[in-house]
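Both counts, for ligands and for their atoms, begin at 1 and track the order of listing. What you see is a predicted model, and the numbers here were worked out from it, not measured in a lab. What's counted below: heavy atoms across the whole structure, side chains too, no hydrogens, waters or symmetry copies.
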Amino acid sequence: MLRLPQFQVERPTAIADAVALLAEHGTDAMVIAGGTDLLPNMKHELFTPKVVIALADIEELHGIEVEDDGSLSIGAMVTLDALAGDARVQEQAPALAQSAGIVSGPQLRRMGTLGGNVMLDTRCQWYNQTHFWRSALGFCLKKDGTECHVVAGGSRCVAAASNDTAPALASLGASLVFHSPEGQREIPIDELWDRDGIWNKTVGRDAVLVRIKVPATGLWHRGAYGKLRDRGSIDFPLFGVAVRLDVEGDVITSADLVAVGLQARPVHLTRAARCIEGVGVNGDGKDLAAAIQSAGEAAHAQCHPLANIPGDHDYRRAMVAVYVRHTLRAAIDGSGPVSGL
Ligand SMILES: Cc1cc2nc3c(=O)[nH]c(=O)nc-3n(C[C@H](O)[C@H](O)[C@H](O)COP(=O)(O)OP(=O)(O)OC[C@H]3O[C@@H](n4cnc5c(N)ncnc54)[C@H](O)[C@@H]3O)c2cc1C
Ligand code: SF4
């Protein structure tokens with residue numbers, strides 16, 4: 001049985017105090033939200049904090065609010081279960097509700113939070129293993145070693161962003177409010193990500209995610225999330241795609257597709273999105289069917305899964321087009337999530 005090491009727990013009640021504790025303990029400290037990823041990673045000795053700073057008692061990190069302009073303001077400590085079940089989120093941001101509702105399994109969604117999901121560590125089949133397992137390979141660049149086992153001779157970690165809500169938030173143009181020793185600042189989610197799988201974020205490890213803001217969507221908004229995974233009951237994405245469509249009259253005026261489970265950051269599938277723009281959703285359906293087919297092909301051409309996360313990468317690539325097509329259909333029909341194909 002894998003055991004947790006001993007560590008000290010701090011329970012601040014104000015964000016400023018959490019940030020001060022992080023600054024005081026430096027690399028010895030990490031924050032914990034639901035703990036569904038942090039604690040397994042501590043058991044695997046991937047994370048070795050001596051001080052764990054619990055965010056649960058900080059009031060400002062809780063609750064979902066609708067602002068005057070119709071945008072959603074979601075506290076980082078909102079659980080995935082609460083998010084998925086919230087009628088306002090389901091109506092305004094269906095891809096987000098669907099993606100949260102399909103993370104892991106029910107128990108972990110009740111503990112796991114949106115903030116923890118956004119800030120999730122990248123994943124790799126050579127990294128998310130026990131210390132003993134990793135030691136047999138001489139570790140790797142991301143932790144304790146000098147080589148990458150995915151890209152031979154590679155000097156950059158290519159572990160994959162595997163957080164289901166990240167593509168949904170990116171498709172919705174969300175922004176993130178962080179508090180760090182420099183103060184509070186809001187950044188578009190697309191500016192959070194970096195290509196380095198060791199730490200795939202542009203904010204420092206001393207920053208606390210406070211709130212996630214999702215701009216208002218209108219009656220014309222449609223969205224859906226599709227997820228390829230091994231087991232339908234629980235599993236990280238082998239490939240995930242969020243679709244956002246704006247449909248005015250019966251024409252798709254703008255589209256965005258964002259994928260996860262490929263590289264260290266979520267990827268906008270821009271060529272696929274262009275295929276679907278300007279197409280009618282009614283009529284005899286021939287144009288739409290052809291556009292969806294082209295979007296799948298464009299996504300397949302753009303996406304090149306690596307042997308970073310489990311699952312045969314040729315199979316994952318073949319499924320890109322399948323999931324893009326079905327998730328586009330789901331967004332148009334107002335159904336989803338798409339899984340188990
Ligand atoms: C068996 C299993 C299956 C899983 N399946 C999936 C899956 O299908 N899809 C998926 O996306 N995830 C999956 N997960 C991972 C995890 O359950 C979720 O990502 C969850 O949303 C993490 O949230 P948390 O609150 O538990 O985060 P924690 O574990 O508490 O934290 C995760 C990371 O984020 C940091 N962090 C947390 N909150 C903040 C904050 N407010 N500011 C700054 N940093 C913060 C922590 O320091 C830590 O590094 C799975 C985990 C397990 C064990
Ligand atoms: S991509 Fe390479 S360096 Fe990164 S975790 Fe995997 S094996 Fe390690």
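- The nearest non-hydrogen atom to atom 50 (C) of ligand 1, considering only Phe178, Phe236, Phe47, comes from Phe236.
- Asn200 places no side-chain N or O within 3.5 Å of a backbone atom of Trp193 that could act as its donor or acceptor partner.
- With Tyr127 as the aromatic partner, Lys142 meets the cation-pi criteria of under 6.0 angstrom to the ring centre and within 45 degrees of the ring axis.
- Residue Asn308 places no heavy atom under 4.0 Å from ligand 2.
- Ligand 1 has an N or O atom lying under 3.5 Å from an N or O atom of Leu209, backbone or side chain.
- In this structure, Asp69 does not pair ionically with Lys213, as no charged nitrogen and carboxylate oxygen lie closer than 4.0 Å.
- Considering backbone and side-chain atoms together, Ile102 places no N or O closer than 3.5 Å to any N or O of ligand 1.
- Between the choices Ser180, Ala76, Pro237, Gly116, the shortest heavy-atom distance to atom 27 (O) of ligand 1 belongs to Gly116.
- Using a 4.0 Å cut-off to heavy atoms of Val31, the atoms of ligand 1 that qualify are 36 (N), 39 (C), 43 (C), 44 (N), 45 (C), 46 (C), 47 (O).
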Show me the donor-acceptor pairs within less than 3.5 Å that the side chains of residues 245-252 make with the rest of the protein, sequence neighbours left out.
from: Asp246; atom 1: OD2; to: Arg244; atom 2: NH2; distance (Å): 3.4
from: Asp246; atom 1: OD2; to: Ser254; atom 2: OG; distance (Å): 2.9

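- Taking every heavy atom of Met30 and a limit of under 4.0 angstrom, the matching atoms of ligand 1 come to 47 (O), 49 (O).
- Contacts between Val210 and ligand 1 below 4.0 angstrom, taking non-hydrogen atoms only, are absent altogether.
- The salt bridge (Lys or Arg N to Asp or Glu O under 4.0 Å) search around Glu60 returns none, not counting sequence neighbours.
- For the pair Arg123 and Phe236, the cation sits on the ring face: its NZ or CZ lies under 6.0 Å from the ring centre, inside 45° of the axis.
- Heavy atoms of Asp235 found under 4.0 angstrom from ligand 1 belong exclusively to the backbone.
- No part of Lys201 comes within 4.0 Å of ligand 1, judged by heavy-atom distances.
- Around atom 8 (Fe) of ligand 2, the protein atoms of type N, O or S found under 2.8 Å away are Cys140 SG, listed by chain and number.
- When the side chains of ILVMFWY residues are joined at heavy-atom separations under 4.5 Å, either directly or via intervening members, Leu114 and Met119 end up in a single hydrophobic cluster.
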Donor-acceptor contacts, no H, no angles, side chain residues 22-38, under 3.5 Å, sequence neighbours left out:
from: Asp37; atom 1: OD2; to: Asn41; atom 2: ND2; distance (Å): 3.0

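- No heavy atom of Asp121 sits closer than 4.0 Å to any atom of ligand 1.
- Shown in contact with Gly34 at under 4.0 Å from a heavy atom are these atoms of ligand 1, numbered in order with element: 24 (P), 25 (O), 26 (O), 30 (O).
- Ser175 and Glu186 are linked by a side-chain donor-acceptor pair at a separation below 3.5 angstrom, with hydrogens and angles left out of the test.
- Near Leu120, with a cut-off below 4.0 Å to any heavy atom, the atoms of ligand 1 are 15 (C), 19 (O).
- Annotation: Asn163 places no N or O atom under 3.5 Å from an N or O atom of ligand 1; distance criterion only.
- Here Met119 has heavy atoms under 4.0 Å from ligand 1 in both its backbone and its side chain.
- Nearest to atom 18 (C) of ligand 1 by heavy atom, out of Ile58, Ile53, Asn117, is Asn117.
- Counting heavy atoms closer than 4.0 Å to ligand 1, residue Ala33 contributes atoms from both its backbone and its side chain.
- In this pair, Trp133 and Trp126 present their aromatic rings tilted. The plane angle is within the 30 to 60° band.
- For the pair Val243 and Ala331, the tightest heavy-atom approach, listed with the atom from each and the gap, is CG1-CB, 3.7 Å.
- The contact set between ligand 1 and Ala207, taken as ligand atoms under 4.0 Å from a residue heavy atom, comprises 43 (C).
- Looking at Ile234 next to ligand 1, no N or O pair under 3.5 Å apart turns up.
- The minimum heavy-atom distance between Val279 and Cys275, with the atom names listed, is CG2-O, 3.9 Å.
- Looking at Leu108 against ligand 1, only its side chain comes within 4.0 Å, counting heavy atoms.
- Contact annotation: for Thr165 versus ligand 1, there are no heavy atoms closer than 4.0 Å.
- Checked against a 3.5 angstrom limit, the closest N/O atoms of Arg229 and ligand 1 fall outside it.
- Checking only distances, Leu38 does come within under 3.5 Å of ligand 1, N or O to N or O.
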